[in-house]
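Here the structure comes first, spelled out in structure tokens, and everything after it is commentary.
Just follow the structure's listing: the first ligand is 1, and inside any ligand the first atom is 1.
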Amino acid sequence: MTEFVQIVEVGPRDGLQNEPDLVPLSAKLAFVEGLIAAGLREIEATSFVSPKAVPQLADADDLMVTLPRNSAVCYHALVPNERGLERALTAKTDVIALFTSATEAFCQANIRCTVAESFERFAPVVERVRAAGLSLRGYVSVAFVCPFCGDVDPGAAVDIALRLAEIGCDDVCLADTVGRARPEQVTAVFSQLLKTLSPDRLSLHVHDTDGRALDNIDAALELGIRRFDGAAGGLGGCPFAPGAPGNVATQRVVRHLHERGFETGVDPDLITRALDPVLPYLTRPVVT
Ligand code: HMG
Ligand code: MG
């Protein structure tokens, strides 16, 4: 039987948060509709962060309530604090994604607090997410390479990932924020985590600067990881991570997985078509 790999499409969130121009809500909506038509079922649609910090996603509340609802499709959103959770719950978000960092320097740059403070912010959020019966994802940014500190000690990434799992994250996602990880780093972090966590609680989110994104995915696949993020067209980047380029293009991930004999339920050509409504607002060429 063909093995299934779950794709989490982060294009509408990670993809659009770093674009200099604002994309109108109607275009975002059509983008998400196209992604669903391409077979994507887990879509990170937006972030309930400060609109001053990320004006590109200031329409999060309106977008989330306008998205087409279909019991097969789950909408994820980033939530940095209780205020964000309040907004996410009101807008009926399905999966709440917390985000912290393996290094203090990136944590300060991204969410303006220490790693310890980020966990203090998460505590009341987790309690309410559990009470609401929603799924929880936790990101470990700069799990392999930090734009401020260089290579990250695998132990530091493992420590944060395990803490996210302990507080109740169903899915702990290790992120190569600046797209510079090497496969041996991916292997080191995941093999350590797999001593404690089952592979179905882990996922990988890669950006692609040095052309190693698919090699890094292969390293995680090798260890039994079956959940990967991608952004349609290779859009994306974190505005608070200098040099953070696009995510790996979902089309490339899907084609690569199909070539390797995995099933994803996703049509890569339809992902390219899904990008049409947002293309007029993008400043960078997209991967097709
Ligand atoms: P802060 O400035 O440190 O502290 O924000 P604050 O709590 O005092 O808030 C400042 C202002 O924001 C206040 O407004 C708050 O009300 C407002 P003012 O009084 O100045 O008018 N505010 C909010 N408004 C709406 N919704 C909220 C909210 N929270 C505060 N939820 C905070 C700290 C983290 C909130 C802020 O810095 C922020 O939102 N930053 C955005 C961080 C972000 O989105 N980063 C990019 C996404 S992460 C990423 O890309 C990495 C990932 O892809 C994985 C990877 O690749 O590594 C996930
Ligand atoms: Mg990212």
> Does a donor on one side chain sit under 3.5 Å from an acceptor on the other, for T272 and Q251?
Replying inline: yes

> Does any N or O atom in F48 lie less than 3.5 angstrom from one in ligand 1, N or O only?
Replying inline: yes

>> With heavy-atom distances below 4.0 Å as the criterion, list the atoms of ligand 1 near R87.
In response: 25 (C), 26 (N), 27 (C)

>> Evaluate G84 for polar contact with ligand 1, using N/O atom pairs at a separation under 3.5 Å.
In response: yes

>> Would you say that more than 12 heavy atoms from the other residues, nucleotides or ligands in this model lie under 6.0 Å from the CZ of R273, or not?
In response: no

> Under 4.0 Å from atom 4 (O) of ligand 1, is there any protein heavy atom?
Replying inline: no

>> Within ligand 1, which atoms have a heavy atom of F240 less than 4.0 Å away?
In response: 42 (C), 43 (C), 45 (N)

> Is there a protein heavy atom less than 4.0 Å away from atom 8 (O) of ligand 1?
Replying inline: no

> Which ligand 1 atoms are under 4.0 Å away from a heavy-atom of P51?
Replying inline: 24 (N), 25 (C)

> With the threshold set at 4.0 Å, does a side-chain nitrogen-carboxylate oxygen contact exist between R212 and D218?
Replying inline: no

> Quick check: does any side chain N or O of S50 sit under 3.5 Å from a backbone N or O of K52, one acting as donor and the other as acceptor?
Replying inline: yes

> Will you find, in the side chains of H258 and T264, an N or O donor that is under 3.5 Å from an N or O acceptor?
Replying inline: yes

> With the threshold set at 4.0 Å, does a side-chain nitrogen-carboxylate oxygen contact exist between R226 and D200?
Replying inline: no

> Quick one: CG on D229 to CD on E44, what's the gap to the nearest 0.5 Å?
Replying inline: 7.0 Å

>> Whether R252 and D208 form a salt bridge (side-chain N of Lys/Arg under 4.0 Å from carboxylate O of Asp/Glu) is what I want to check.
In response: yes

> Side-chain donor-acceptor pair under 3.5 Å between Q17 and R13, yes or no?
Replying inline: yes

> Can a donor-acceptor pair be found between the side chains of T100 and S118 at a distance below 3.5 Å?
Replying inline: yes

>> Counting non-hydrogen protein atoms only, what is the nearest one to atom 50 (O) of ligand 1? Give residue, atom name and distance.
In response: Q17 NE2, 2.8 Å

>> Within the 4.0 Å heavy-atom shell around I111, which atoms of ligand 1 are there?
In response: 33 (C), 34 (C)

>> If the cut-off is 2.8 Å, does any N/O/S atom of D14 fall short of it from the Mg ion (ligand 2)?
In response: yes

> To which of H207, R13, H205 does the heavy atom nearest atom 49 (C) of ligand 1 belong?
Replying inline: R13

>> Can you confirm whether some protein heavy atom lies under 4.0 Å from atom 27 (C) of ligand 1, or whether none does?
In response: yes

> Say you draw a straight line from CG of L78 to CD1 of I96; how long is it, rounded to the nearest 0.5 Å?
Replying inline: 10.0 Å

> Does the distance from a Lys or Arg side-chain N to an Asp or Glu carboxylate O, for E19 and R284, drop under 4.0 Å?
Replying inline: yes

>> Test of geometry: compute the angle NE2(H207)-the Mg ion (ligand 2)-NE2(H205) and round it to 10°.
In response: 90°

> Considering only protein heavy atoms, which is closest to atom 17 (C) of ligand 1, and at what distance to one decimal place?
Replying inline: R83 NH1, 3.9 Å

>> Below 4.0 Å, non-hydrogen atoms only: which portion of V49 touches ligand 1? Side chain, backbone, both or neither.
In response: both

> Of A109, G237, A175, which has the heavy atom at the shortest distance from atom 55 (C) of ligand 1?
Replying inline: A175

> Would C238 count as a contact for the Mg ion (ligand 2), in the sense that one of its N, O or S atoms lies under 2.8 Å from it?
Replying inline: no

> Any protein heavy atom lying closer than 4.0 Å to atom 39 (O) of ligand 1?
Replying inline: yes

>> Quick check: R121 and ligand 1, any N/O pair under 3.5 Å apart?
In response: no

>> To check your reading of the model: name the closest protein heavy atom to atom 18 (P) of ligand 1, its residue, and the distance in Å.
In response: K52 NZ, 3.1 Å

>> Yes or no, since that's all I need: does a protein heavy atom fall within a distance strictly under 4.0 Å of atom 46 (C) of ligand 1?
In response: yes

>> Side chain or backbone, does T177 bring an N or O within less than 3.5 Å of an N or O on ligand 1?
In response: yes

> Hey, which atoms in ligand 1 end up nearer than 4.0 Å to a heavy atom of L78?
Replying inline: 47 (C), 48 (S)

> Mind checking whether D14 has an N or O less than 3.5 Å away from an N or O of ligand 1?
Replying inline: yes

>> Would the distance check show the side chain of H207 and the main-chain N or O of P245 forming a donor-acceptor pair, the cut-off being under 3.5 Å?
In response: yes

> Of all the non-hydrogen atoms in the protein, which one sits nearest to atom 42 (C) of ligand 1, and at what distance?
Replying inline: N110 O, 3.4 Å

> Side chain or backbone of N81 under 4.0 Å from ligand 1, or both, or neither, by non-hydrogen atoms?
Replying inline: side chain

>> Is it the case that atom CD in E117 sees more than 12 heavy atoms from other parts of the structure closer than 6.0 Å?
In response: yes

> Any idea which protein heavy atom is nearest atom 41 (C) of ligand 1, and the distance to it?
Replying inline: A53 CB, 3.6 Å

> So between A88, G15, S50, whose heavy atom ends up nearest atom 36 (C) of ligand 1?
Replying inline: S50

> Which one of R137, R227, R130 satisfies the salt bridge (charged side-chain N to carboxylate O under 4.0 Å, His left out) criterion with D170?
Replying inline: R130

> Could you give the distance from CZ (F119) to SG (C107), rounded to the nearest 0.5 Å?
Replying inline: 9.0 Å

> Going by the order shown, which atoms of ligand 1 are within less than 4.0 Å of some heavy atom of R112?
Replying inline: 1 (P), 2 (O), 3 (O), 37 (O)

> Would D176 and H205 count as having a side-chain donor-acceptor pair, cut-off 3.5 Å?
Replying inline: no

> Would one find more than 12 heavy atoms of other residues, nucleotides or ligands at under 6.0 Å from atom CD of E263?
Replying inline: yes

>> Taking 4.0 Å as the limit for heavy-atom contacts, which would you say applies to E82 with ligand 1: side chain only, backbone only, both, or neither?
In response: neither

>> Only heavy atoms of S141, strictly under 4.0 Å: list the atoms of ligand 1 that pass.
In response: 51 (C), 54 (C), 55 (C), 57 (O)

